Amino acid sequence: MFGPDPDDGGDSTRDSALRLTAKARLLAMHVPPFAITRWCDAWEAEASAQGREPSAGYWDDGVVWILQQVAHGNEPPTSD
């Protein structure tokens, strides 16, 4: 129930750590804290639409994509 899922080979733990690292980077780059989770969710949806799988490069690209969205004055999507 707690800890990594033994069936995923540790992937979910690694993916969670990479997402958390990306969130910390965005916070350090002054992305508003209230928006970071929403932007990360939006990146995951965008990356999925592109057929991308989570990896370190995936989150590097995600940080760039999110910063571009913020620079263009876009607001993060809201949860429905």
Side-chain angles (χ1 to χ4, degrees):
M1 179 175 244
F2 295 100
D5 182 345
D7 295 330
D8 74 0
D11 288 347
S12 67
T13 301
R14 183 198 68 220
D15 295 345
S16 295
L18 291 170
R19 180 182 166 111
L20 184 61
T21 301
K23 290 171 83 171
R25 289 172 61 195
L26 292 165
L27 186 61
M29 293 178 193
H30 305 288
V31 174
F34 76 90
I36 290 174
T37 296
R38 290 169 30 198
W39 276 123
C40 287
D41 292 345
W43 165 247
E44 288 179 327
E46 174 68 19
S48 178
Q50 295 176 14
R52 306 236 0 225
E53 294 292 325
S55 67
Y58 167 101
W59 278 109
D60 288 340
D61 293 346
V63 168
V64 170
W65 182 85
I66 292 166
L67 292 174
Q68 288 173 340
Q69 301 303 310
V70 172
H72 284 90
N74 296 331
E75 293 291 325
T78 58
S79 301
D80 293 330

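Keep in mind it's a predicted model, so treat the numbers as computed, not measured.
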Checklist line | Counterpart residues, side-chain contact (heavy atoms from CB on, under 4.5 Å), relative to E44 (two or more places apart) | finding: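 With sequence neighbours excluded, E44 shows a side-chain contact (heavy atoms from CB on, under 4.5 Å) to R19, D41, Y58, W59, given in chain and number order.
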
[X] and [Y]: which non-hydrogen atoms are nearest, and at how many Å?
X   : Y   : answer
P33 : L27 : CG-CD1, 3.6 Å
C40 : L26 : SG-CD1, 4.1 Å
P76 : W39 : N-CZ2, 3.3 Å

Checklist line | Sequence neighbours excluded - salt bridge (Lys or Arg N to Asp or Glu O under 4.0 Å) pairs with any residue from residues 69-78 | finding: none

Notebook entry, point to check: Among pairs that include at least one residue of residues 51-65, which meet salt bridge (Lys or Arg N to Asp or Glu O under 4.0 Å), considering only residues two or more places apart or in two chains?
Noted result: R25-D60, R52-D61

[X]: partners by side-chain hydrogen bond (donor to acceptor under 3.5 Å, both in side chains), with sequence neighbours left out:
X   : value
E46 : Q50
Q68 : none
T37 : K23

Checklist line | Joint cluster assignment, V64 & M29, ILVMFWY side-chain distance < 4.5 Å | finding: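 Hydrophobic grouping puts V64 apart from M29.
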
Next item on the list: Starting at OG1 of T13, measure out to CG of L18 and round the result to the nearest 0.5 Å.
Entry: 11.0 Å

Next item on the list: Using the six-membered ring wherever Trp is involved, compare the ring planes of W65 and W43 and label them parallel, tilted or perpendicular (cut-offs 30° and 60°).
Entry: tilted

